[in-house]
Amino acid sequence: MKDLIKNLQQKAQDEIHKAATNENLRDLEAKFLGRKGELADIMSKLKDLSSEERRVMGQLANSLKQELGDMFSLARKKFSLSGAEKRSRLDSTWPGEAQERGHLHPLTQFMRRVEDIFMSLGFEVLDGQEVETPEYNFDLLNIPKDHPARDMWDTYYLENGLLLRTHTSPMQLRAMEKRKPPVRLLIPGRTFRHEATDASHESVFYQYEGLVIDKCITVANLIATLKDFFQALYGKEVKVLPRSTFFPFTEPSLEITMSCLICGGKGCSVCKKTGWLEMLGAGMVHPQVLRNMKVDPEEYSGFAFGGGLERLMMLYHGINEIRLLYGGDLKFLGQF
Ligand code: FA5
């Protein structure tokens with residue numbers, strides 16, 4: 001019996017010493033001091049001893065109980081040290097926990113890439129306002145009140161008569177209030193349209209507006225600039241198809257479509273099975289719009305374009321769903 005008590009003392013001492021957490025201690029306490037624990041087991045055997053032995057062994061078992069109780073409370077203190085005490089016991093050789101770093105939203109990263117390319121082509125990059133007046137969003141761009149061309153853009157009007165810009169084109173006029181030709185401008189920014197969304201349409205999306213005004217600017221300069229841009233962006237020659245279209249503020253007006261890089265032109269949900277994706281609206285700045293900018297159309301000419309940033313990015317990264325860009329899913333965003 002004496003050996004049993006001694007062995008238990010040694011074993012309990014070793015295991016309490018090795019305990020790494022409060023949970024370990026709780027388990028050990030149940031193991032050694034619990035109702036069905038090892039000490040209780042020894043005590044249950046006391047009844048088989050002679051009365052003298054029972055007295056001596058009983059005392060030994062009781063003092064072990066006391067001793068183990070003290071050891072447990074001492075060990076528990078170790079795990080409830082104050083911050084300062086813990087810090088003073090910090091093991092500086094222990095490897096640190098890796099912290100995940102945040103990064104810019106992929107659209108912002110991509111916008112910067114687009115800006116860099118245009119800057120390398122000599123463009124000045126400007127910012128613009130998202131809340132506009134109907135005058136700048138429409139009238140000064142040759143779209144008077146009640147003109148059917150206003151239906152080209154489903155507009156969010158605000159209660160105070162202002163609106164959320166439907167395109168970045170009003171910034172052409174605002175930028176020219178403080179500038180004289182020659183100019184080469186790029187104005188990226190958010191635009192808003194009350195539209196049903198699908199794989200390639202959102203109701204809030206980014207456009208990048210280009211405006212170049214100088215002497216003798218022609219459609220050839222427009223096409224060459226856009227080809228240079230696409231080539232620099234995608235790192236390879238891409239098929240560009242200019243098609244005649246109508247915008248009230250350009251004459252002639254062009255819709256620039258590009259072969260769909262997602263399906264290689266075979267047809268998919270992004271290009272609506274056509275193999276081509278509409279990337280940009282563009283054209284030569286209408287003489288009346290030049291006059292609205294206080295630029296003489298007899299002396300100067302210019303081209304302008306406005307494209308969707310998300311579509312450029314979708315083709316670049318092979319993303320087949322525009323809504324992923326705004327979903328806030330960290331698994332998706334973390335890939336960029
Ligand atoms: C315009 O917004 C004209 N302001 C573009 C322009 C500028 C023409 C200067 C001439 C001169 P449009 O509505 O077609 O045009 O939009 C231009 C581009 O924005 C489209 O080619 C497309 O790439 C993108 N876009 C249009 N609607 C959406 C949408 N709902 N979601 C995502 N991208 C869109």
Side-chain angles (χ1 to χ4, degrees), residues 107 110-111 114 128 132 136-138 140-143 149-156 163-176 185-213 217 219 221-223 225-226 229-230 233 240-258 260-261 270-272 274 276-290 292-293 301-316 319-326:
L107 264 173
F110 196 74
M111 171 106 78
V114 169
E132 261 304 352
Y136 279 89
N137 199 77
F138 294 125
L140 292 170
L141 290 166
N142 263 354
I143 317 168
R150 284 206 183 186
D151 289 346
M152 288 168 78
W153 297 278
D154 294 315
T155 312
Y156 288 111
L163 50 82
L164 297 181
R165 66 176 174 191
T166 55
H167 52 173
T168 40
S169 297
M171 275 309 294
Q172 291 184 27
L173 290 131
R174 291 200 180 273
M176 289 310 288
L185 308 175
L186 183 83
I187 309 141
R190 254 187 334 171
T191 52
F192 308 83
R193 293 185 195 178
H194 184 252
E195 283 196 6
T197 64
D198 61 25
S200 57
H201 290 82
E202 257 295 359
S203 50
V204 179
F205 59 97
Y206 279 85
Q207 284 194 337
Y208 53 99
E209 187 84 12
L211 176 67
V212 171
I213 304 178
I217 294 288
V219 173
N221 298 118
L222 165 64
I223 305 282
T225 305
L226 292 177
F229 165 61
F230 287 135
L233 182 68
V240 171
L241 186 66
R243 287 199 277 218
S244 171
T245 188
F246 170 73
F247 290 109
F249 35 92
T250 45
E251 182 55 42
S253 300
L254 298 171
E255 187 180 271
I256 309 289
T257 49
M258 208 177 84
C260 180
L261 301 181
V270 175
C271 61
K272 299 213 174 89
T274 62
W276 294 92
L277 203 57
E278 180 204 323
M279 302 297 289
L280 290 156
M284 299 303 293
V285 183
H286 194 288
Q288 182 53 45
V289 177
L290 284 177
N292 293 345
M293 295 172 180
S301 56
F303 68 73
F305 57 84
L309 188 78
E310 292 81 358
R311 294 198 188 166
L312 276 186
M313 178 173 168
M314 287 164 75
L315 291 190
Y316 187 86
I319 300 167
N320 61 5
E321 171 59 76
I322 191 171
R323 288 165 289 199
L324 283 171
L325 296 172
Y326 292 96

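When a ligand or atom number is given, it counts from 1 through the structure's own listing order. These figures come from a predicted structure and were not determined experimentally.
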### Task
Say whether, by atom type as modelled, one donor and one acceptor occur between the side chain of Arg193 and the main chain of Trp153 under 3.5 angstrom.
no
#### Entry: Arg190 (side chain) donor-acceptor with Val204 (main chain) under 3.5 angstrom
no
### Message
Tell me whether Thr250 has any N or O atom under 3.5 angstrom from an N or O of ligand 1.
### Response
no
### Message
Within ligand 1, which atoms have a heavy atom of Ala304 less than 4.0 Å away?
### Response
9 (C), 11 (C)
### Query
What do you reckon, does Glu195 have a nitrogen or oxygen under 3.5 Å from a nitrogen or oxygen of ligand 1?
yes
## Note on the structure
A student comparing Gln207, His201, His167 should find that the heavy atom closest to atom 16 (O) of ligand 1 comes from Gln207
### Message
If we ignore hydrogens and angles and just use 3.5 Å, is the side chain of Glu202 paired with the main-chain N or O of Arg323 as donor and acceptor?
### Response
no
### Query
Do the side chains of His167 and Asn137 get nearer than 4.5 Å, heavy atoms only?
yes
### Task
Determine, stepwise, if the pair Ile223 / Leu254 fulfils side-chain contact (heavy atoms from CB on, under 4.5 Å).
CA-CA 10 Å; Ile223 305 282; Leu254 298 171; 4.2 Å; yes
### Message
Check this for me - ligand 1, Arg193, N or O atoms closer than 3.5 angstrom, yes or no?
### Response
yes
### Query
Taking Gln207 for the side chain and Thr168 for the main chain, is one N or O donor matched with an acceptor at less than 3.5 Å?
yes
### Message
Please determine whether side-chain contact (heavy atoms from CB on, under 4.5 Å) holds for the pair His286 and Thr250, giving the CA-CA distance in whole Å, both sets of side-chain angles, and the decisive distance to 0.1 Å.
### Response
CA-CA 4 Å; His286 194 288; Thr250 45; 5.7 Å; no
### Message
Looking at Thr191 and Arg165, would you say the former's side chain and the latter's main chain have a donor-acceptor pair under 3.5 Å?
### Response
no
### Task
If you have a sec, work out which protein heavy atom is nearest atom 31 (N) of ligand 1 and how many Å separate them, to one decimal?
Glu202 N, 3.0 Å
## Note on the structure
Checking heavy atoms under 4.0 Å, the part of Ser203 that sits near ligand 1 is neither
### Message
Within the 4.0 Å heavy-atom shell around Leu280, which atoms of ligand 1 are there?
### Response
21 (O)
### Query
Got the closest protein heavy atom to atom 9 (C) of ligand 1, with its distance?
Glu209 OE2, 3.4 Å
### Task
Using atom types as modelled and distance alone, determine if a side-chain donor or acceptor of Ser203 lies under 3.5 Å from a backbone N or O of His194.
no
### Query
Is Thr166 in polar range of ligand 1, meaning some N or O pair under 3.5 Å apart?
no
### Task
Could you go through the side-chain contact (heavy atoms from CB on, under 4.5 Å) check for Ser200 and Lys272 one step at a time?
CA-CA 9 Å; Ser200 57; Lys272 299 213 174 89; 4.3 Å; yes
### Query
Does Gly308 reach ligand 1 with a nitrogen or oxygen that is under 3.5 Å from one of the ligand's nitrogen or oxygen atoms?
yes
### Query
Does ligand 1 have an atom under 4.0 Å from some heavy atom of Glu255?
no
### N or O pair under 3.5 Å between Trp153 and ligand 1
yes
### Intermediate values then yes/no, side-chain contact (heavy atoms from CB on, under 4.5 Å), Tyr326 and Leu107
CA-CA 9 Å; Tyr326 292 96; Leu107 264 173; 3.4 Å; yes
### Task
Using a strict 4.0 Å cut-off to heavy atoms of Gln172, name the atoms of ligand 1 that fall inside it.
9 (C)
### Task
Examine Glu278 against ligand 1 and note whether any of their N/O atoms are separated by less than 3.5 Å.
yes
### Query
Looking only at protein heavy atoms, which one is nearest to atom 22 (C) of ligand 1, and how far off is it?
Arg311 NH1, 3.5 Å
### Query
With a 4.0 Å cut-off on heavy atoms, does Ser200 reach ligand 1?
yes
### Task
Run down the list Phe305, Phe205, Phe249, Phe247 and name the one with the heavy atom closest to atom 34 (C) of ligand 1.
Phe205
### Query
Under 4.0 angstrom from ligand 1, any heavy atom of Ile322?
yes
### Message
Would you say that Thr225 contacts Val212 through its side chain, given a criterion of any heavy-atom pair below 4.5 Å between the two side chains?
### Response
no
### Task
Could you find the nearest protein heavy atom to atom 6 (C) of ligand 1 and give me its residue, atom name and distance?
Gly281 O, 3.5 Å
